[in-house]
> 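I have a structure I would like to understand better, so I am pasting it below and will then ask my questions one at a time.
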Protein chains: 2
Amino acid sequence: MRKMVEYVVLAALVHEPRSGYDLTKWLTRVASHFWPVVHSGIYPALAVLEAEGLVHYEAVASEQGPERKVYSLTVRGREELLAWVDSPAPTAQVRDEQLVRALCYGYLPREEALARLAQVRQAHTERLAHYEGLERQIVAADEIGAGGSGIAGPARVGKLLVVRCGIISEQGYLRWCDEAALLIESMRMVVEA
Amino acid sequence: MRKMVEYVVLAALVHEPRSGYDLTKWLTRVASHFWPVVHSGIYPALAVLEAEGLVHYEAVASEQGPERKVYSLTVRGREELLAWVDSPAPTAQVRDEQLVRALCYGYLPREEALARLAQVRQAHTERLAHYEGLERQIVAADEIGAGGSGIAGPARVGKLLVVRCGIISEQGYLRWCDEAALLIESMRMVVEA
DNA sequence: AGTGACATGTAACCAGTTACATGATTGT
DNA sequence: ACAATCATGTAACTGGTTACATGTCACT
């Protein structure tokens, strides 16, 4: 049974060939909101996939720093990836410490809860801006590459889908923050100092 | 450094005393969308918290099955929980295999991608219904307990906050599914059989 | 006698993270 | 000299999951 990080690597490589370093950076930028990766997980995954003939690499001299191993999918790699893509996915798993805390906001002094919420809102505003920036990049790249046809090419579809999901969920989180602030303001005080 | 599951248990117990069995069931119903738990993680957590004096239990005979250990927070447990609640939380982590797949939807035949998406949409519709059911329960409980004042008591605030977050995020996911279907329909065909 | 809900636990495993390790090149 | 970016890896850890383990009571 293949590890998820291996599929993530395959999914990144179907878009374009990349080195482990590039893969890490790209995935951190565009995929961290649905699958976090760190470089120390990427390199072993690439080694496994290479040993099994799903990817292969070309050593390319770097302008700066050590030699780069630029990986791309083999035919078998692409086949195995797409077979997996067209299979049912288990329910997404979320670990949101903030919501565990939110479960107890009723037991916190009102201003403390509101202050925490304001911080959370700020963080999500920044993340939303990040995804909106990515979206603009994708749209801009389309206008150059496809003459602004508006018709989606295979690589563009995937990138757009995940960035749109990021945007929608951040917008939702912001809506929640506003709603939560209203609810907390209406809260009976538990402790009056 | 305390494990997250321990805080989750404390957060559940601040609302009302429960046994490990009840804790597992309640957390599965109301918290699985932001922190998944299984019973085999709950019992060791309770043992640690009990050994450190943050919770204590009363053995209560069950109507059916073995004796129940009904846990509640100690004063120290409540203090430590609330101090943690009022501390900054790291960014939420999401692991959504579906979105890894979505990243490759452009490389799938159009109907396959649409069919997968329809399944995903169905699953999220069901989850939305689940949270809406929970929300109704909370509102109904309030009308009995607080005379429908609309003013939020401490226990109600937390429950409402997290259920609202679940509802908003499921609504967002549904919106994404619809948007994604439109995008895929506009997609250039990669493979024509 | 068998299934299913109630009820509590332990042990083995593993995927992903953190920390460690190395080294080139460019800019200050 | 020192910091930063580029670039690739290994080793240890660990939190959470899966599987194992046991036993009662009620219903069919």
> Looking at dA7(C), I'd like to know if its phosphate oxygens (OP1 or OP2) sit under 4.0 Å from a side-chain N or O belonging to Lys25(B).
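Indeed not, no polar side-chain atom of Lys25(B) lies that close.
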> Any donor-acceptor pair under 3.5 Å linking the side-chain atoms of Ser87(A) with those of Arg101(B)?
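Arg101(B) vs Ser87(A): donor-acceptor pair found between side chains.
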> Give the rounded distance in Å between these two atoms: CD of Glu97(B) and C1' of dG16(C).
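For the pair Glu97(B) CD and dG16(C) C1', the rounded distance is 14 Å.
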> Side chains of Trp176(B) and Gln171(B): closer than 4.5 Å at any heavy-atom pair?
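In short, these two side chains do not touch, never coming nearer than 4.5 Å.
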> Whole angstroms only, please: what is the CD-C1' distance between Glu6(A) and dA15(C)?
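Going from Glu6(A) (CD) to dA15(C) (C1'), I get 11 Å.
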> Looking at Arg121(A) and Asp178(A), does any basic side-chain N land under 4.0 Å from a carboxylate oxygen?
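Salt bridge between Arg121(A) and Asp178(A), a charged N being under 4.0 Å from a carboxylate O: yes.
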> When you get a sec, tell me which of dA7(C), dT8(C), dG16(C) is the closest nucleotide to the side chain of Trp35(A)?
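Within the option list, the nearest is dG16(C).
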> Any side-chain N or O of Arg95(A) less than 4.0 Å from the OP1 or OP2 oxygen of dT17(D)?
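Yes, within the criterion.
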> To the nearest angstrom, how far is Tyr57(A) atom OH from dT8(D) atom P?
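Spelled out: OH on Tyr57(A) to P on dT8(D) is 11 Å.
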> For the residue pair Val162(A) and Val30(A), what are the closest heavy atoms and their distance?
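So the two residues come closest at CG2-O, 4.2 Å.
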> Once you round it to whole Å, what is the distance between P of dT25(C) and CZ of Arg68(A)?
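In whole Å, dT25(C) P lies 15 Å from Arg68(A) CZ.
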> Please give, in whole Å, the distance from dG16(C) P to Gln93(A) CD?
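Whole-Å distance recorded here is 11 Å.
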> Using whole Å, what does the distance between atom C1' of nucleotide dA7(C) and atom CG of Leu46(B) come to?
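About 13 Å, once rounded to whole Å.
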> Between Asp96(B) and Tyr173(B), do the side chains contain a donor N or O and an acceptor N or O under 3.5 Å apart?
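Yes.
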> Looking only at the side chain of Val5(A) (C-beta and beyond, no hydrogens), which of the listed nucleotides dT8(C), dT8(D), dG16(C) gets closest?
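Nearest to the side chain of Val5(A) among the choices is dG16(C).
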> Taking atom P of dA7(D) as reference, at what distance in whole Å does atom OH of Tyr71(A) sit?
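Rounding to the nearest Å, OH of Tyr71(A) and P of dA7(D) are 14 Å apart.
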> Could you pull out every donor-acceptor pair under 3.5 Å between side chains of residues 126-135 of chain A and any protein atom, sequence neighbours left out?
residue: Glu126(A); atom: OE2; partner: Gln122(A); partner atom: NE2; Å: 2.7
residue: Arg127(A); atom: NE; partner: Glu170(A); partner atom: OE2; Å: 3.0
residue: His130(A); atom: NE2; partner: Arg29(A); partner atom: O; Å: 3.0
residue: Glu135(A); atom: OE2; partner: Arg164(A); partner atom: NH1; Å: 3.0

> Any idea which of dG16(D), dT8(C), dT17(C) is nearest the Met4(B) side chain?
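When the side chain of Met4(B) is considered, dG16(D) is the closest of dG16(D), dT8(C), dT17(C).
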> Report, as a single string ordered 5' to 3', how protein heavy atoms within less than 4.0 Å touch nucleotides 18-28 of chain D: B base, S sugar-phosphate only, - not at all.
BB---BBSS--
> Whole angstroms only, please: what is the CD1-P distance between Ile42(A) and dT8(D)?
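In whole Å, dT8(D) P lies 11 Å from Ile42(A) CD1.
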> Look at the side chain of Tyr21(A) and decide which nucleotide, out of dG15(D), dT8(D), dT17(D), has an atom nearest to it.
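Output: dT8(D).
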> Output yes when Glu16(B) and Arg18(B) qualify as a salt bridge under the 4.0 Å nitrogen-oxygen rule, no when they do not.
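Looking at Arg18(B) together with Glu16(B), the answer is yes, because their closest N to O distance falls below 4.0 Å.
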